[in-house]
Amino acid sequence: MRRRSFLTLGIAGAATLAAAGWWGVVRNRGDRSTTLEADARTIVAAIVPAMLDGALPPPGRDRTSAIAETVANVDRAIQGLPAFAQAELGQLFSLLAIAPARRAFAGVASPWPEASVGEVAAFLDRWRDSGWSLKRSAYDALHQLILASWYGNPRSWERIGYPGPPRIG
Amino acid sequence: MVDNTTNSTAPVAGAHVSTDPFRRGLAAGWKVIDASKQAADLTLECDVCIVGSGAGGGVTAEILSGAGLRVVIVEEGPLRTSSDFRMLESQAYPDLYQESAARKTADKSINILQGRCVGGGTTVNWTSSFRTPETTLAHWARVHKLHGFSSSELRPWFERMEARLSIAPWPVPPNQNNAALARGAAKLGIPSAMIRRNVRGCANLGYCGVGCPTNAKQSMLVTTIPATLERGGILLTRTRADRLRFFEDRVEALECSIAAGGSPDATRRVRIRARAFVAAAGAIGTPGLLLRSDVPDPHALIGKRTFLHPTVVSAAIMPHRIDGFAGAPQTVYSDHYLDTLPPGGPIGFKLEAPPVHPILAAITLPGHGPDHASLMREFANLHVQIALLRDGFHPESPGGTVRLRDDGSPLLDYPLTPYVWDGVRRAFRTMAELQFAAGAASVMPIHGKGTAFATFARARAGIDAFALAPLTTPVVSAHVMGGCPMGSEERTSVTDPTGRVHRTANVYVVDGSLFPTSIGANPQLTIYAIAARLAEGIASTMRPATTS
């Protein structure tokens with residue numbers, strides 16, 4: 001069976017992006033779903049260290065693998081969502097993947113792989129506190145996906161004093 | 001009593017997990033068909049086709065199969081049984097919940113926890129069992145002209161289902177999270193009480209919400225559905241009910257598609273022919289099915305007045321470990337703020353405590369980065385309260401509306417009115433006061449970027465200044481009700497008091513969508529009792545077919 005693409009640009013996405021003023025930019029990209037898939041991974045990988053700043057292991061191999069596992073869990077979580085929800089997230093990542101949109105809409109000057117934790121954290125602060133509910137709902141989606149993906153991972157539990165499920169039988 | 005609590009997370013001696021009665025039943029020949037594994041189209045014929053295997057569908061299936069009728073149950077979710085339940089949120093949410101436990105209302109401001117698996121919500125609920133509050137039933141009679149559903153008329157049905165599902169007082173002291181609620185209430189002179197639970201031989205593990213691993217919870221998965229299958233009933237899983245096919249006023253068949261992974265698969269179809277059809281898909285799914293099926297709806301009522309108990313959360317950091325993940329998750333409640341407010345007055349709320357597991361805590365606590373990480377370091381010391389607002393009793397609380405997306409899936413639009421936000425603010429104040437009374441070092445009402453207060457005076461001032469708003473103040477709900485209200489007048493109801501949809505000969509609704517309002521209590525027992533009564537009514541109108 002063909003694996004569903006990580007994220008695809010839905011038709012409804014066009015309306016949202018048009019409202020956001022980015023229709024022309026997106027249209028020029030055409031249907032490059034494989035690129036979008038890679039783009040989405042890159043964006044999530046850039047946001048994870050800021051969302052989980054203070055929760056991840058210290059810099060080193062452990063931290064790198066913790067981030068990679070979280071990104072993989074986010075991917076898996078999105079694949080389990082209904083098509084309409086995948087499409088909506090696809091719109092979000094499509095938008096964030098476009099450099100001018102990233103700068104103007106998210107306020108992140110650096111390309112995602114080069115963005116510092118501070119720069120990404122400032123973007124998260126702005127979206128959480130935004131007067132525009134669309135940005136707050138996007139923040140919410142990132143908050144829920146990334147935090148669930150890390151705190152569902154047993155590696156996160158010792159730090160928070162959770163012993164894990166009891167053994168039974 | 002409340003200070004004498006044990007929160008052991010040590011291995012539980014004597015917990016009996018070696019048997020999985022459902023798997024034994026399958027081995028003995030129960031007919032369960034995973035539609036996603038069928039290579040070809042499938043057509044089934046029966047007396048009654050029931051859509052949904054939760055509280056409404058499960059009880060209906062047991063009673064109708066007990067009356068000798070041939071029953072087919074259609075479930076959108078997968079079959080998961082005790083052998084699959086590993087007490088892991090990461091597994092349970094995508095497996096057992098609608099939209100991976102991230103189902104949202106239209107503006108995404110309310111997160112809905114709703115089951116989607118064999119047993120529906122009963123497989124993942126927290127076992128809280130309440131009879132419908134008398135004030136709610138009286139309100140239904142007085143305002144919604146629903147007669148025959150008074151406390152005394154429902155009593156025999158409550159008693160029957162309580163006996164069937166082992167609903168009884170819980171004799172074990174509450175865990176620390178619930179004990180703190182009781183302690184705070186006692187300090188302030190507010191009555192609280194223990195919640196009855198539907199369990200047998202419960203090992204007090206605390207993982208009801210991710211599937212009971214010991215089969216102690218008397219959900220539909222271990223009671224009514226096995227009984228139905230034992231009598232030759234058929235259970236279809238991963239089967240999405242698309243559309244009822246009418247001929248004049250009778251439905252002749254239900255058309256279904258395959259529900260696998262995130263999206264329906266339209267390559268193979270399932271068709272069920274039956275003499276009667278019961279919609280028991282929950283208060284989002286049932287209106288969705290009726291809307292897709294063009295059921296007669298002259299007053300455009302289907303899906304309107306769908307209710308949640310909009311719920312807000314307050315997290316307290318206690319000076320000692322609470323371990324809110326361990327022990328029966330929900331055992332103490334207070335109805336003080338329902339009982340002291342008239343149903344038509346300011347919105348009232350029920351106070352309860354939820355389980356505190358890592359994912360639930362992480363996605364509920366606001367913010368990100370170091371702030372969030374330091375809150376999570378207090379995870380084991382968190383005492384969490386929730387306030388469930390009783391919506392639907394006032395002209396300014398009309399609830400939400402279920403409509404269809406372009407792909408036919410149901411979407412709940414649920415604008416929160418100033419009337420509801422007023423209740424949210426009072427609920428935040430009340431929970432903070434109770435939490436400080438219980439000994440909290442600090443209290444954080446879940447709102448905005450998250451502000452922790454060190455005293456109740458500061459908390460009250462802070463809460464009064466909150467700019468409460470959608471997507472700033474997180475609102476959740478695990479209870480979905482209404483949207484297909486029953487009643488005697490066609491102008492104001494979707495079904496008659498027997499559950500039959502007006503102007504149809506053989507379509508019934510038997511689930512929480514029948515309620516004219518929210519009920520102000522965890523709804524499972526109300527659904528069980530009303531389902532039992534309506535199912536007996538349906539059985540009395542249908543003689544078993546003589547051929548098989």
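Throughout, a chain's letter reflects where its sequence line sits, starting with A, and its residues are numbered from 1.
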Among [options], which residue has the highest count of heavy-atom pairs closer than 4.5 Å to chain A?
options: B:S409, B:G448, B:G367; result: B:G367
options: B:S374, B:G206, B:P370; result: B:P370
options: B:R405, B:E99, B:K104; result: B:R405

Between [X] and chain A, which part of the residue has a heavy atom less than 4.5 Å away: side chain, backbone, both or neither?
X: B:R103; value: neither
X: B:L365; value: backbone
X: B:P474; value: neither
X: B:A467; value: neither

In Å, rounded to the nearest 0.5 Å, how long is the span from [atom1] of [X] to [atom2] of [Y]?
X: B:T364; Y: A:L147; atom1: OG1; atom2: CG; value: 10.0 Å
X: B:I359; Y: A:Q144; atom1: CD1; atom2: CD; value: 10.0 Å
X: B:F85; Y: A:I168; atom1: CZ; atom2: CD1; value: 11.5 Å
X: A:Y162; Y: B:D323; atom1: OH; atom2: CG; value: 10.5 Å
X: A:D53; Y: B:H368; atom1: CG; atom2: NE2; value: 9.0 Å

Are any non-hydrogen side-chain atoms of [X] and [Y] less than 4.5 angstrom apart?
X: B:Y207; Y: A:P166; answer: yes
X: A:H143; Y: B:H372; answer: yes
X: A:I160; Y: B:R377; answer: no

Check [X] against [Y] and note the closest heavy-atom contact, atom names and distance.
X: B:A373; Y: A:A55; answer: CB-N, 3.7 Å
X: A:G161; Y: B:A380; answer: O-CB, 4.0 Å
X: A:G80; Y: B:S100; answer: O-OG, 3.7 Å

Among residues 106-113 of chain B, those lying within the under-4.5 Å heavy-atom range of chain A are B:K108, B:N111
Which residues in residues 87-95 of chain B have any heavy atom closer than 4.5 Å to a heavy atom of chain A? B:M87, B:L88, B:S90
Taking the six-membered ring where the residue is Trp, are the ring centres of A:Y151 and B:H357 under 6.0 Å apart? no
Is [X] in contact with chain B via its backbone, its side chain, both, or neither, using a 4.5 Å heavy-atom distance?
X: A:D125; value: both
X: A:W150; value: neither
X: A:A148; value: both

Within 6.0 Å of CD in A:E158, more than 12 heavy atoms from elsewhere: no
Chain B shares the most heavy-atom pairs under 4.5 Å, among A:L124, A:D140, A:L52, with A:L124
